[in-house]
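Source: prediction; values computed, not measured.
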Amino acid sequence: MAQKPKVDPHVGRLGYLQALVTEFQETQSQDAKEQVLANLANFAYDPANYQYLRQLQVLDLFLDSLSEENETLVEFAIASGSFPVSQLFTSDGRSIGASASTSVLPMNTQD
């Protein structure tokens with residue numbers, strides 16, 4: 001079993017999420033990447049985290065993970081699609097996130 005992420009729980013929500021993103025980007029361990037991405041996907045279910053996830057560009061991390069060879073990372077990236085579409089719009093009205101989200105949805109359906 002993978003080790004727990006190396007994050008100080010006393011750094012606040014933004015600091016905790018930043019530490020997860022940093023760990024995901026810096027680790028060479030596939031197990032650690034899987035665990036961290038799963039944690040970030042779980043945080044995506046809570047609307048209280050949307051501003052932090054946007055600020056840390058976690059959506060880009062999820063989208064980048066869709067092209068990984070590791071199927072577990074792809075699965076967790078797809079599972080992170082819990083972002084409501086309205087939360088994927090950037091502050092200047094661009095709908096890049098919404099477009100990306102709609103391209104992911106067909107990948108999660110079975111014929």
Side-chain angles (χ1 to χ4, degrees):
M1 176 173 259
Q3 293 180 355
K4 290 192 173 204
K6 300 171 181 88
V7 178
D8 180 357
H10 304 289
V11 296
R13 189 175 296 211
L14 178 60
Y16 185 82
L17 291 169
Q18 176 64 69
L20 287 174
V21 169
T22 300
E23 183 172 351
F24 181 86
Q25 293 170 333
E26 293 180 354
T27 188
Q28 298 300 314
S29 165
Q30 288 298 303
D31 286 341
K33 278 185 179 266
E34 290 172 5
Q35 184 171 354
V36 170
L37 197 64
N39 286 335
L40 289 169
N42 285 335
F43 276 101
Y45 283 93
D46 184 350
N49 296 318
Y50 294 159
Q51 69 182 24
Y52 303 122
L53 297 173
R54 252 194 324 271
Q55 181 179 346
L56 297 171
Q57 300 177 343
V58 173
L59 180 59
D60 291 337
L61 189 143
F62 289 139
L63 293 173
D64 290 344
S65 295
L66 292 173
S67 62
E68 291 284 339
E69 290 183 22
N70 180 326
E71 290 182 11
T72 302
L73 291 178
V74 173
E75 180 182 332
F76 291 150
I78 291 170
S80 73
S82 63
F83 276 107
V85 171
S86 64
Q87 295 298 322
L88 299 175
F89 287 89
T90 60
S91 60
D92 63 357
R94 294 178 299 155
S95 61
I96 295 170
S99 297
S101 176
T102 57
S103 69
V104 171
L105 293 176
M107 295 170 52
N108 200 24
T109 60
Q110 295 182 357
D111 293 323

Worksheet item: Taking all non-hydrogen atoms of both residues, which atom of Phe76 and which atom of Ala41 are closest, and how far apart?
Response: O-CB, 3.8 Å
Worksheet, complete the sentence: Contacts of Asn70 meeting side-chain contact (heavy atoms from CB on, under 4.5 Å) (sequence neighbours excluded), chain-then-number -> Gln30, Glu34, Thr72, Leu73
Discussion item. Walk me through whether Thr27 and Gln35 qualify under side-chain contact (heavy atoms from CB on, under 4.5 Å).
Written reply: CA-CA 11 Å; Thr27 188; Gln35 184 171 354; over 6 Å; no
Worksheet item: Are the ring centres of Tyr52 and Phe43 closer than 6.0 Å?
Response: no
Worksheet, complete the sentence: Rounding to 0.5 Å, atoms OH (Tyr16) and CG (Asn39) come to a distance of 5.5 Å
Response to the item:
When rounded to the nearest 0.5 Å, the distance separating CD of Gln28 from NZ of Lys33 is 7.0 Å
Under 3.5 Å, side-chain donor or acceptor atoms of residues 55-64 against the rest of the protein: list the pairs with distances, not counting sequence neighbours.
none

Discussion item. Just to verify, what does Glu75 make a side-chain contact (heavy atoms from CB on, under 4.5 Å) with, not counting sequence neighbours?
Written reply: none
Worksheet entry | Sidechain-backbone polar pair: Thr22 side chain, Ala19 backbone, donor-acceptor under 3.5 Å | no
Response to the item:
Taking every heavy atom of Leu66 against every heavy atom of Ala77, the minimum-distance pair comes out as CD2-CB, 3.7 Å
Item to complete: With the side chain counted from C-beta on, respond yes when Glu68 and Leu37 share a heavy-atom pair under 4.5 Å apart, and no when they do not.
Response: no
